[in-house]
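What follows is one structure encoded as structure tokens, with my remarks underneath.
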Amino acid sequence: MTLPPYLQHARARDAADPLAAFRDAFVIDDPDTIYMDGNSLGRLPKRTIARLNEAVQNEWGKRLVRGWGEGWMDAPARIGGKIAGLVGAQGDEVLVADSTSVNFYKLVHAALDLRPARRQIVTETVNFPTDAYILQGIAQARNKKITYIDTSDGITIPTDAIVDAIAADDCALVTLTHTAFKSGAVHDMRAITDAAHNAGALVLWDLSHSVGSIPIHLNDCNADLAVGCTYKYLNGGPGAPAFLYVRRDLQAQLRNPIQGWFGQRDQFAMGFDYAPAPGMTRFNVGTPPMLSMLAVETGVDLVLEAGIERLREKSVAQTEFLITLWEEYLAPFGVTLNSPSDPNQRGSHISLGHPDALRIDRALIEEMNVIPDFRYPDNIRFGVAPLYTRFVDVYYAMERMHRVLSERLHEKYSIERPTVT
Ligand SMILES: *Cc1c(COP(=O)(O)O)cnc(C)c1O
């Protein structure tokens, strides 16, 4: 088969796409740029520009400090309440605050405090680096032991292996990234949460690569704790504050290890001794970054308007299409599928492997106007962000990668890794 039938197919899918209009809600600077990295930094929503203009000119510019009493103070809980609708939680179980890394640090400490006699923390070797680094620091400081479950195929971690490790009787905490950042493999939240609870352990999920792209059922799975990122599929902007979830019945039992004044009961009484605020407020630390915070809200609103079920349906169709094109055009060049082939077991990005992946990634960016990203050692990640990714984008990403390989365009690039990939 030649390329055009797939292009026709892509155009027909776009024409029939009920979410197609959402693309117009985003700034598309260069229509020829095929942006496949929405899983790393989501695009800029047009209404975020208007919202930030309003926030800067009228709220900061004119209301000045009165802004705190007129909507700013409530923003972390208000926007958290909206995110709750995307992760299957109650409105008062999610708060927007700090970075994912800092929230992870806070909740790991808090969880370990609830199981003081236990030493074991269970995680896996393909977890996101920041999670691993923070666990290593905390384990050292608190004399805990981390058990890393290894991947069998470089793509997935068998649920059975995790469940077996959890059954060890001094497991305090299980923490996993729901959708793996490299392969896109998705863990079975229900089975793992059940196993943790059967063993008397707590579970902390990192939802950074899931939220906004795949339905999540925290309450339904009885999950204890979660953190996640807002600048990927939620389009909150670079470095936008993250969120954390604590199941309602655990909130009063948990201690925030960073006892800042925004987590203090009756904060403006300015009392000298720390007393944690009720509910999620205790998981605040310091003054929230209000401009970035307000940008999160417009991003989340768009995802809510599109509906997570419809987004997921489109994402699955697009990653399936990408895999069809990979099989046809790239597999013959030795490109491997480094993501699960079953759509039920993966999130919204596909990793393709090749020994020359770094150089192919460079050629795609510099000559083909395709922006995926590279993840060590040999993965090129193609993120599908169903709010604005079109089927033709998926087509051109694969067609241009085929051109790079067939014309060997990547071979002139250095094998040196740049500072940022
Ligand atoms: C992107 C991502 C993060 C980001 O953490 P920051 O503190 O915002 O830098 C954390 N965990 C996972 C799994 C991620 O994908």
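Values below: every heavy atom of this structure, side chains too, minus hydrogens, waters and symmetry copies. For ligands, and for the atoms within them, numbers begin at 1 and follow the listed sequence.
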Worksheet entry | ligand 1 atoms in contact with Thr130 (distance to a heavy atom under 4.0 Å) | 10 (C)
Item to complete: Could you tell me the residue and atom name of the protein heavy atom closest to atom 8 (O) of ligand 1, and the distance to it rounded to 0.1 Å?
Response: Tyr231 OH, 2.7 Å
Discussion item. Can you confirm if the aromatic rings of Trp326 and Phe333 lie within a centre distance of less than 6.0 Å?
Written reply: no
Worksheet item: For ligand 1, which atoms have a heavy atom of His209 less than 4.0 angstrom away?
Response: 15 (O)
Fill in: Geometric cation-pi criterion Arg43 and Tyr388, 6.0 Å radius, 45° cone
yes
Discussion item. Please confirm whether the ring centroid of Phe128 lies under 6.0 Å from the ring centroid of Phe181.
Written reply: yes
Fill in: Glu320 and Arg346 ion-paired at < 4.0 Å
yes
Fill in: Nearest-contact summary for atom 7 (O) of ligand 1 - protein heavy atom, Å
Ser101 OG, 2.6 Å
Fill in: Numbering as shown, the atoms of ligand 1 that approach Asp131 to under 4.0 Å (heavy-atom distance)
11 (N)
Fill in: Proximal atoms of ligand 1 relative to Ser208 (non-hydrogen, under 4.0 Å)
2 (C), 3 (C), 10 (C), 11 (N), 12 (C), 13 (C), 14 (C), 15 (O)
Worksheet item: Any Lys/Arg nitrogen of Glu54 or Arg47 sitting under 4.0 Å from an Asp/Glu carboxylate oxygen of the other?
Response: no
Worksheet item: In ligand 1, which numbered atoms sit nearer than 4.0 Å to a non-hydrogen atom of Ser99?
Response: 7 (O)
Worksheet, complete the sentence: The closest protein heavy-atom partner of atom 1 (C) of ligand 1 is Lys232 NZ, 1.3 Å
Worksheet item: Do the charged groups of Lys232 and Asp206 touch, with an N to O distance under 4.0 Å?
Response: no
Worksheet entry | Closest to atom 11 (N) of ligand 1 (judged by heavy-atom distance), picking from Leu176, Asp206, Thr177 | Asp206
Worksheet entry | Qualifying residue for salt bridge (charged side-chain N to carboxylate O under 4.0 Å, His left out) with Asp113, from Lys106, Lys144, Arg255 | Arg255
Item to complete: Return the residue, atom name and 0.1 Å-rounded distance of the protein heavy atom closest to atom 5 (O) of ligand 1.
Response: Thr100 CB, 3.5 Å
